[in-house]
Amino acid sequence: MISSTDLQLVQAIARGGSLAAASRTLNVTASAVSQRLSSLEQRLGIKLAERSGGVSLVMTTEGELLAARAEDLLDTLGELEEEIAAQRGILSGHLKIVAPLGFGRLSIAPLLATFQAQNPGITVNLQLSDQLGHLPRDSWDIIFRVGPLKNSGLLRTALAPNKRILCASPQYLKQHGSPRTPADLTNHQCIAIREDDEDVTLWRFTDTEGKRSDIRIAPALASNDGEVAKGWALAGRGIIQRSEWSVREDIKAGRLTELLSHWQAPDAPVTALTHHNSTRPARVQLFLNFAKEKLGGAA
């Protein structure tokens, strides 16, 4: 009879591709993984994985079949355990969150710490990345996104509005002056933030009367980390276009000055993406509700 520990073993080997990787996942020695694999193969009377190059493990056809079914079976078992615990008013399970670097570090990480403290039966893993495409389905429960969404078959939950603000330090403005129109930006030092494969050198603006102005900047400084770019702006190195949540406190404190306030860049709303599950796990729904309440209109 195949047990849940057998399924976890096959899953770890299929994902890791080696004894060493599987041993790290299962928190046992590589020799223990090898022994457990041999024992399972003997019980089933089939070969599940072949050694390749003395290090890698390549799943056989039977091994791939068992690994594929293991994913579904382990998910079902996990959901059943959660449902039983929920009947007793206890939330459990593993919550896997993916979020952009800056927003995840400053806004989502503190929320998760508070949420987990309130729900100690739930364990949490937060992955920070600005490359949010092509993630394996089983590697996440919720993806937080800041900015416009491309076509996606995922479920979307709107969490909070979020403006993009053009700003620079008083030091920079004293030396270079303030732009009066978007077109003036071509004569200024602008800093680009490279996120999510967007065309980050094309800055779009709309004024209060609906007039549009699209400007192509030529940045001397660019980074895929928004906090690095903001640091350059704080140091007087140029003008940035940054989410409201990132620069709000700096503007209040006078470290940055908002520019072209009568022109608005496209909004970058905060959205949560989830799978099209027929029944959303209680831990996922609870954290979505928690995040929406806490972020509100102050993302």
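Between Asn289 and Glu293, the side chains place no donor N or O within less than 3.5 Å of an acceptor N or O (distance only, hydrogens not considered).
Residues meeting the ring pair (Phe, Tyr, Trp, His ring centres under 6.0 Å) test with Phe205, sequence neighbours left out: none. Listed by chain and number, the residues in a salt bridge (Lys or Arg N to Asp or Glu O under 4.0 Å) with Arg69 amount to none (sequence neighbours excluded).
The two residues Ala233 and Ser169 make their nearest non-hydrogen contact at O-CB, 3.3 Å. Taking each heavy atom of Cys167 and Val247 in turn, the nearest pair found is SG-CG1, 4.1 Å. Nearest heavy-atom pair, Ala30 versus Ser23, reported as atom, atom and distance to 0.1 Å: N-CB, 3.6 Å. What you find for Arg156 and Thr271 is that their closest heavy atoms are CB-CG2, 4.0 Å.
Applying the ring pair (Phe, Tyr, Trp, His ring centres under 6.0 Å) test to every pair with at least one member in residues 206-233, sequence neighbours left out, gives no pairs at all.
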Q.
For a side-chain contact (heavy atoms from CB on, under 4.5 Å) check, start with the C-alpha distance between Asp6 and Arg43, then their side-chain angles and the critical distance, and finish with the verdict.
A. CA-CA 11 Å; Asp6 293 331; Arg43 280 193 282 122; 3.0 Å; yes

Q. What's the verdict on side-chain contact (heavy atoms from CB on, under 4.5 Å) for Leu295 and Leu111, showing C-alpha distance, side-chain angles and the deciding distance?
A. CA-CA 9 Å; Leu295 293 175; Leu111 287 185; 4.0 Å; yes

**Q.** Working for side-chain contact (heavy atoms from CB on, under 4.5 Å), residues Val10 and Leu37
**A.** CA-CA 8 Å; Val10 174; Leu37 175 61; 5.7 Å; no

Q. What do the steps show when you test Glu227 against Ser246 for side chain to side chain donor-acceptor pair (under 3.5 Å), and what is the final call?
A. CA-CA 8 Å; Glu227 291 305 293; Ser246 174; 3.2 Å; yes

Q. How far apart are the C-alpha atoms of Asp141 and Arg283, what are their side-chain angles, what is the distance that settles it, and do they pass the side-chain contact (heavy atoms from CB on, under 4.5 Å) test?
A. CA-CA 10 Å; Asp141 295 309; Arg283 67 183 186 279; 3.7 Å; yes

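Residue Asp199 is tested with Arg194, Arg204, Arg216 for a salt bridge (Lys or Arg N to Asp or Glu O under 4.0 Å); the sole match is Arg216.
A distance of 10.0 Å separates NE2 of His262 from CD of Glu209, quoted to the nearest 0.5 Å. Remark: Glu41 CD to Arg36 CZ distance equals 13.0 Å, nearest 0.5 Å. Rounding to the nearest 0.5 Å gives a distance of 11.0 Å between CG of Leu66 and CD of Glu64. To the nearest 0.5 Å, atoms CE (Met59) and CG (Leu65) are separated by 10.0 Å. Interatomic distance, OG1 of Thr257 versus CG of Leu259, reported as 7.0 Å (0.5 Å rounding). Atoms CG and CZ, on Leu128 and Arg105 in that order, are 6.5 Å from each other to the nearest 0.5 Å.
With hydrogens and angles ignored, the 3.5 Å screen pairs no side-chain donor or acceptor of Gln264 with any backbone N or O of Thr208. Of the possible donor and acceptor atoms, none in the side chain of Ser243 sits under 3.5 Å from a partner among the backbone N and O of Trp245.
Under the 4.5 Å side-chain criterion, counting only non-hydrogen atoms from C-beta, Thr25 is not in contact with Arg15. Residues Thr5 and Leu9 form no side-chain contact, since every pair of their non-hydrogen atoms from C-beta on lies 4.5 Å or further apart. Residues Lys294 and Ser107 are not in side-chain contact: their nearest non-hydrogen atoms beyond the backbone lie 4.5 Å or more apart. Side chains of Asn119 and Phe287 form no contact here, defined as non-hydrogen atoms less than 4.5 Å apart. Put simply, the side chain of Ile2 does not reach to within 4.5 Å of the side chain of Leu73, judged on heavy atoms. For the pair Leu234/Leu256, a side-chain contact is recorded, criterion being any heavy-atom separation below 4.5 Å from C-beta on. Side-chain atoms of Ile217 and Ile191, non-hydrogen and from C-beta on, never get closer than 4.5 Å to each other. Under the 4.5 Å side-chain criterion, counting only non-hydrogen atoms from C-beta, Ser213 is in contact with Trp263.
A tilted orientation is assigned to the rings of Phe144 and Phe103, their planes being inclined by 30° to 60°.
More than 12 heavy atoms of other residues, nucleotides or ligands sit less than 6.0 Å from atom CG of Asp214.
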